[in-house]
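Below: the structure, in structure tokens.
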Amino acid sequence: MSLRRARDRRPPTDYAAFRNAVYAVVARIPPGRVATYGDIARLAGRPRGARLVGRLMADATAPGLPCHRVVAAGGALGGYGSGPAFKTAQLAAEGVIVRRGRLAEFRTRRWVG
DNA sequence: AAACTGACCAACG
DNA sequence: CCGTTGGCCAGTT
């Protein structure tokens, strides 16, 4: 059989299914809690798909999807279509404080399913 | 078809 | 605690 790099690329996942899985996971993040793009990717079955999750969030049109609860690794804020100030405000409304682009208490606020 | 582009991430210095 | 670097993966040029 042909050698494949140990790096072991892509389990053959189809994008549509992955997208649905991502939406489903994001919808389950409780208010006042957050998950990272990488967390979502992993929970949706694509451990190295963090960037794809970012794309999906950027494209997401689904109303009511709490994409503001999806943040970057290490407790950084991560991006947001309507700007970081808006994301910060939405998090603040749930009691999650963001200072200098960092989440306070990220460790304990993080939701891992 | 090759190069570029992200709402990313971990390792390094 | 910053900034850089290399890797990631699908869409867009």
Side-chain angles (χ1 to χ4, degrees):
Chain A
M1 60 190 282
S2 64
L3 296 180
R4 193 168 290 172
R5 301 155 145 272
R7 204 77 98 184
D8 205 6
R9 17 312 271 338
R10 59 320 143 123
T13 311
D14 79 278
Y15 199 55
F18 179 63
R19 186 193 59 220
N20 290 335
V22 166
Y23 286 167
V25 173
V26 171
R28 291 177 47 210
I29 307 174
R33 309 291 302 279
V34 298
T36 71
Y37 296 92
D39 288 340
I40 302 299
R42 178 169 39 75
L43 292 171
R46 189 94 197 186
R48 288 158 209 93
R51 301 193 77 148
L52 299 191
V53 173
R55 168 187 290 290
L56 287 170
M57 292 302 101
D59 292 349
T61 55
L65 190 71
C67 41
H68 61 284
R69 299 186 188 133
V70 184
V71 301
L77 183 57
Y80 202 74
S82 319
F86 195 73
K87 187 172 186 176
T88 296
Q90 285 199 86
L91 287 170
E94 302 182 346
V96 181
I97 312 304
V98 181
R99 244 166 240 159
R100 287 181 234 108
R102 293 267 155 192
L103 299 203
E105 325 240 322
F106 166 65
R107 224 54 187 287
T108 57
R109 296 275 186 190
R110 187 179 188 182
W111 174 86
V112 286

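Proteins come first, then strands; the chains are lettered A, B, ... in the order of their sequence lines, and each starts at number 1.
Rounded to a whole angstrom, the distance from the P atom of dA7(B) to that of dG6(C) is 22 Å.
Between the side chain of Lys87(A) and the backbone N or O of Cys67(A) there is no donor-acceptor pair closer than 3.5 Å.
When each of Glu94(A), Arg33(A), Gln90(A) is tested with Arg69(A) by the rule side-chain contact (heavy atoms from CB on, under 4.5 Å), just one qualifies, namely Glu94(A).
In terms of heavy-atom proximity, Thr36(A) sits nearest to Ala73(A) at CG2-CA, 4.0 Å. Counting all heavy atoms, side chain and backbone alike, Ala27(A) lies closest to Pro66(A) at CA-CD, 4.2 Å. Minimum heavy-atom separation, Asp39(A) to Trp111(A): OD2-O, 4.3 Å.
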(request) If a protein heavy atom is under 4.0 Å from the base, mark B; if only from the sugar-phosphate, S; if neither, -; do that for nucleotides 7-13 of chain B going 5' to 3'. (result) BBSS---

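One interatomic measurement links the two molecules: CZ of Arg102(A) to C1' of dC1(C), which rounds to 9 Å at whole-angstrom precision. Between the CG atom of Leu56(A) and the C1' atom of dG6(B) there is a distance of 12 Å, rounded to whole Å. Here dG11(C) presents its P atom at 11 Å from CG of Asp14(A), a figure rounded to the nearest Å.
Follow the hydrophobic side-chain contacts under 4.5 Å out from Ile29(A) and you never reach Ile97(A); the two are in separate clusters.
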